[in-house]
2 protein chains.
Amino acid sequence: MSKRDEALVAALELFNDRGVAVVSTNHIAEAAGISPGNLYYHFRNKEAIVAALAEQLFDRWDREFALPEERTPTISDIESMVRTNFRIAWEFRFFHRDLVALLRQDPYLAERFRGVRDRGFAGFRELCGGFVRFGILRPMDRRAVDLLARNCWLISEFWLQSLELDGETDFDMGMERGVEVLLQAMNPYLA
Amino acid sequence: MSKRDEALVAALELFNDRGVAVVSTNHIAEAAGISPGNLYYHFRNKEAIVAALAEQLFDRWDREFALPEERTPTISDIESMVRTNFRIAWEFRFFHRDLVALLRQDPYLAERFRGVRDRGFAGFRELCGGFVRFGILRPMDRRAVDLLARNCWLISEFWLQSLELDGETDFDMGMERGVEVLLQAMNPYLA
DNA sequence: GTCTATATCGCGATAGAC
DNA sequence: GTCTATCGCGATATAGAC
């Protein structure tokens, strides 16, 4: 692994454990076993390190949320998507935790993130609409679909933060409860 | 208004606009029209300023979420509670935005917040259970009540952050959509 | 690519006069 | 209570040798 990649791994762990704001470039360099000067050879500044990690996250989303093309999706596809989502969100938990601050301080990242997120949500709403057409969800109008999709999306995005507020430390247990909450939100609409 | 209070007002505005991490005590003093030294006369450090603002927030929660004692609560009580909640959350929007970081760096605040929040959520779940007993919500078991309450609580806590991620700038419009999402989440369970 | 050394800056916090 | 002045520190970032 290149020193650059080692720096990213070290930065990810530090950001996840302690928060972006309190982790300095010196900390990252030390944890990665390289000099501060070398870190600045690979990255223009701290913002660039965050941006590189964000791109890793976006790549994961792209790769892991491809829907089955050859068959009709089912409700258990949703469940496995939710789990995958929680797992990725956990790996990059620093990101959502400090997201509003990060977007404020890096307009380019903000634009990039909003593009990725908007496409993701549009796809998910589309999927929910598809469930109605396939008879998996009860018939409902566009507005109801939109509200349901938005509710589910909110749970997906913020459940981990909610766990941190609870003081929950066991990720697996916390994740299961999140899956339960989300499925229960869809439950009344199942056909 | 005392200089101390002016400092708190200035700090609140700066924190809301720019985020706690990037606002220094010097910024706060300047915005409040007092000297840095004076700021430190009134507050031990920056953490103490955040803690004082947090106490203001907790006071608001205490005062504004008293339920009507003399009559059975209705679903429209819920709606007005949600609106009140969003309005307070907006006034102190820095708080939830930076909350995980703040709790990490101030264990005392963490304990205090968790106490307030746990009591608040317990009360809300209780209220939902009451709705079932009063026949406002359809009969359901404890687990279903808990999951529903948790979902509604999540929307209440994180809707504003979700708006920031959307890039939504109109608070009133964003709030209305939040109310819609929350009421739609309860809707299937109405008797 | 990687290092050491260092310039520069601004922050948190304190001292001491008034 | 309020001010001015300042200390000490650690952060980001760069220069220049290897």
Side-chain angles (χ1 to χ4, degrees), chain A residues 1-56 94-95 97-98 101-110, chain B residues 1-56 94-95 97-98 101-110:
Chain A
M1 193 161 52
S2 71
K3 298 278 183 188
R4 190 192 132 98
D5 288 343
E6 281 176 43
L8 284 176
V9 169
L12 178 58
E13 193 177 337
L14 286 171
F15 288 164
N16 280 340
D17 283 356
R18 306 192 209 164
V20 173
V22 303
V23 172
S24 73
T25 51
N26 287 352
H27 292 144
I28 296 170
E30 193 187 347
I34 64 175
S35 67
N38 194 9
L39 187 63
Y40 275 87
Y41 169 79
H42 290 294
F43 301 96
R44 192 163 59 268
N45 51 31
K46 187 172 153 182
E47 211 166 66
I49 299 175
V50 172
L53 287 172
E55 287 303 325
Q56 289 188 354
F94 85 91
F95 187 73
R97 203 160 56 200
D98 297 334
L102 297 176
L103 298 190
R104 250 160 211 272
Q105 276 151 68
D106 185 348
Y108 176 76
L109 178 64
Chain B
M1 194 160 52
S2 71
K3 298 278 183 189
R4 191 193 132 98
D5 288 344
E6 281 176 43
L8 285 176
V9 169
L12 177 59
E13 192 177 339
L14 285 171
F15 288 163
N16 279 340
D17 283 357
R18 304 192 212 165
V20 174
V22 303
V23 172
S24 73
T25 51
N26 286 353
H27 292 144
I28 297 170
E30 192 186 347
I34 64 176
S35 67
N38 193 9
L39 187 64
Y40 274 86
Y41 170 78
H42 290 294
F43 301 96
R44 192 164 59 267
N45 51 32
K46 186 171 155 183
E47 211 166 67
I49 299 174
V50 172
L53 287 171
E55 287 303 324
Q56 290 188 354
F94 85 90
F95 187 72
R97 202 159 59 198
D98 297 335
L102 296 177
L103 298 190
R104 250 160 210 273
Q105 276 152 68
D106 184 349
Y108 177 78
L109 179 64

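Throughout, a chain's letter reflects where its sequence line sits, starting with A, and its residues are numbered from 1.
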Worksheet item: Rounded to whole angstrom units, what separation is found between the CG atom of B:Leu39 and the C1' atom of C:dT14?
Response: 13 Å
Item to complete: Mind calculating the distance between NZ (B:Lys3) and P (D:dT2) to the nearest angstrom?
Response: 6 Å
Worksheet entry | Below 4.0 Å: OP1/OP2 of C:dG10 and any side-chain N or O of B:His27 | no
Worksheet item: Taking it one step at a time, do B:Asp98 and B:Phe15 satisfy side chain to side chain contact (heavy atoms under 4.5 Å, CB included)?
Response: CA-CA 9 Å; B:Asp98 297 335; B:Phe15 288 163; over 6 Å; no
Worksheet item: Counting side-chain heavy atoms from C-beta on, which of C:dT4, C:dC11, D:dT12 comes nearest to B:Asn26?
Response: C:dC11
Worksheet, complete the sentence: Closest of D:dT2, C:dG12, D:dA11 to the B:Thr25 side chain is C:dG12
Discussion item. Measuring only between side-chain heavy atoms, which start at C-beta, is B:Leu53 closer than 4.5 Å to B:Phe94?
Written reply: yes
Worksheet item: What is the distance, rounded to the nearest whole Å, between atom CD1 of A:Ile28 and atom C1' of D:dA13?
Response: 14 Å
Worksheet item: B:Ser24 side chain: which of C:dC3, D:dT2, C:dC11 is closest?
Response: C:dC11
Worksheet item: Of the nucleotides C:dT2, D:dT14, C:dA13, which has the atom closest to the A:Tyr40 side chain?
Response: D:dT14
Worksheet item: What nucleotide, of D:dT2, C:dT2, C:dG12, holds the atom closest to the side chain of A:Asn38?
Response: C:dT2
Worksheet entry | For atom NZ of A:Lys46 and atom C1' of D:dT12, their distance in whole Å | 10 Å
Fill in: Contact check, side chains of B:Arg4 and B:Tyr41, non-hydrogen atoms, under 4.5 Å
no
Worksheet item: Within less than 4.0 Å of OP1 or OP2 of C:dT2, is there a side-chain N or O belonging to A:Tyr41?
Response: no
